[in-house]
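Since the structure comes first, as structure tokens, the remarks are kept for the end.
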Amino acid sequence: MEPPSTGGVTAAGNNTTHKFHPCDEAVIATNDDASDCKRCAVRLGYWKDDYIGYFVRNQERKAPEINRGYFARVKGVEMCVEKFLKKTSGNCQIINLGCGFDTLYFRLRDTAHQVKNFIELDFPTVTARKCYTIKRNKALLAKIHDEDGEVRLSPTDLHGPSYHLMGVDLRNLDEVDNKLQQAEVDYTLPTIFLAECVLVYIEAQNCRNLLKWIAQKFQAAVFVNYEQVNMNDRFGEVMLNNLRIRGCSLAGVESCLSLETQNQRFKECGWSGARAWDMVQVYESISSAERQRIERLEMLDEGELLLQLFQHYCLVVAWLGVAFQDLDITVEELMSSLNID
Ligand SMILES: C[S@@+](CC[C@H](N)C(=O)[O-])C[C@H]1O[C@@H](n2cnc3c(N)ncnc32)[C@H](O)[C@@H]1O
């Protein structure tokens, strides 16, 4: 059984009170969609994830182009993380904004990569469900505490020795600051922020405030943002309408008009630089062996639809401070510098 949905006006836990905005329920529901899609693609063999099945029971099969889209998304983000971890030799922290049920922390624990601190933030409604699942599954808990470490739990927050999952509205910067301090964040340590389909749901001004705040607080950071782009054409319009019908407006869509608006937002918010690639470029830069492997998994009837999907999503890498200037490279250089097979 899962904890009851708040379904109402507030969700409370660990001194956090989240006042719902009208669209928040629909935004929160996007996590279920993303998690279902990841689970489906994993089950079909697109990538390995031993943990997503704990968070998602749904076995619904998705269309091949959706599975390929998720493959490119997860690979793209993972490749940036891997590059960052190699560059910092693990002397760094990861902060996953709007983490949903993402399993990166657990997957990394099964690799040679270690990080000093891994922090995940999402609405309390989402983190409550994630905490509940972790608490109930020894395989997940075992990844969080070592022999002498302890895990502290509240309904919405979970603290392990180097893993922290906390409920917070990312539009409330005092609360974000407070939560990060509870997670013993180190503002001087190189930090990689991840936002996978998250910023687009945050009102433009709130998003700018968040990005500016991070740029002021952290000395050396990289931000990996995956979300919509080219939203001012016909395909984008249809996507927006479909989401509106489900009660979910893309409040931050004004930064998703082009690769340039994506980059510009970071630069205007005090970031040293930013690079954006559409997912056609990202997908093509994945090694041909890996692409051939996943292209054999399912027949694709709608090649044109996949192309359009790829043209309407992007990966943005922004950086702060001189330490990461060398991230201003082409996507081919970024991908080829990694061994992703
Ligand atoms: C499409 S889901 C993606 C989840 C996860 N990043 C992934 O890719 O699997 C978007 C997530 O962003 C979270 N989110 C959006 N706006 C937020 C806000 N203002 N504060 C906290 N979380 C937010 C939602 O609750 C949801 O879990």
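Worth knowing before you read on, the calculation uses all heavy atoms, side chains too, and leaves out hydrogens, waters and symmetry mates. Note that ligands are numbered from 1 as they come in the structure, with each ligand's atoms numbered from 1 the same way.
Of all the atoms in ligand 1, the ones that sit under 4.0 Å from a non-hydrogen atom of R73 are 7 (C), 8 (O). Atoms of ligand 1 lying under 4.0 Å from any heavy atom of V198, numbered from 1 in the order shown and given with element: 12 (O).
Counting heavy atoms closer than 4.0 Å to ligand 1, residue C99 contributes backbone atoms (N, CA, C, O) but none from C-beta onward. Within the 4.0 Å heavy-atom criterion, the part of V126 lying near ligand 1 is the side chain and not the backbone.
For atom 22 (N) of ligand 1, the nearest non-hydrogen atom of the protein is D122 OD1, 3.3 Å. Of all protein heavy atoms, the one closest to atom 11 (C) of ligand 1 is G98 O, 3.6 Å. From the protein, the heavy atom lying nearest to atom 10 (C) of ligand 1 is C197 O, 3.2 Å. In terms of protein heavy-atom proximity, atom 9 (O) of ligand 1 is nearest to K38 NZ, 2.8 Å. If you check which protein heavy atom lies closest to atom 18 (C) of ligand 1, you get F123 CZ, 3.3 Å. Among protein heavy atoms, the minimum distance from atom 20 (N) of ligand 1 is reached at L170 N, 2.9 Å. Scanning the protein for heavy atoms near atom 2 (S) of ligand 1, the closest one is T30 OG1, 3.3 Å. Closest to atom 15 (C) of ligand 1 among all protein heavy atoms lies V27 CG1, 3.4 Å.
For ligand 1, the polar-atom distance check finds an N/O of D169 within less than 3.5 Å of one of the ligand's N/O atoms. In terms of N/O distances under 3.5 Å, ligand 1 is approached by E196.
Between F106 and Y51, the two ring planes are tilted [angle within 30° to 60°]. Ring geometry, F193 versus W271: the interplanar angle exceeds 60°, so the pair is classed perpendicular (tilted spans 30 to 60°). Between F118 and Y163, the two ring planes are tilted [angle within 30° to 60°].
A heavy-atom separation below 4.0 Å is found between V168 and ligand 1.
By the 4.0 Å N-to-carboxylate-O rule, D50 lies too far from R107 to be salt-bridged with it. A salt bridge between R293 and E295 is absent, with no side-chain N of the basic residue lying under 4.0 Å from a carboxylate O of the acidic one. At a threshold of 4.0 Å, the pair E298-R61 counts as salt-bridged, since one of the basic side-chain nitrogens sits closer than that to a carboxylate oxygen. The pair R39-D49 does not meet the salt-bridge criterion, since no charged nitrogen lies less than 4.0 angstrom from a carboxylate oxygen. In this structure, K38 pairs ionically with E196, as a charged nitrogen and a carboxylate oxygen lie closer than 4.0 Å. Under the 4.0 Å criterion applied to side-chain N and carboxylate O atoms, K217 and D177 are assigned as salt-bridge partners.
Few gaps surround CD on Q114; more than 12 heavy atoms of other groups in view lie less than 6.0 Å from it.
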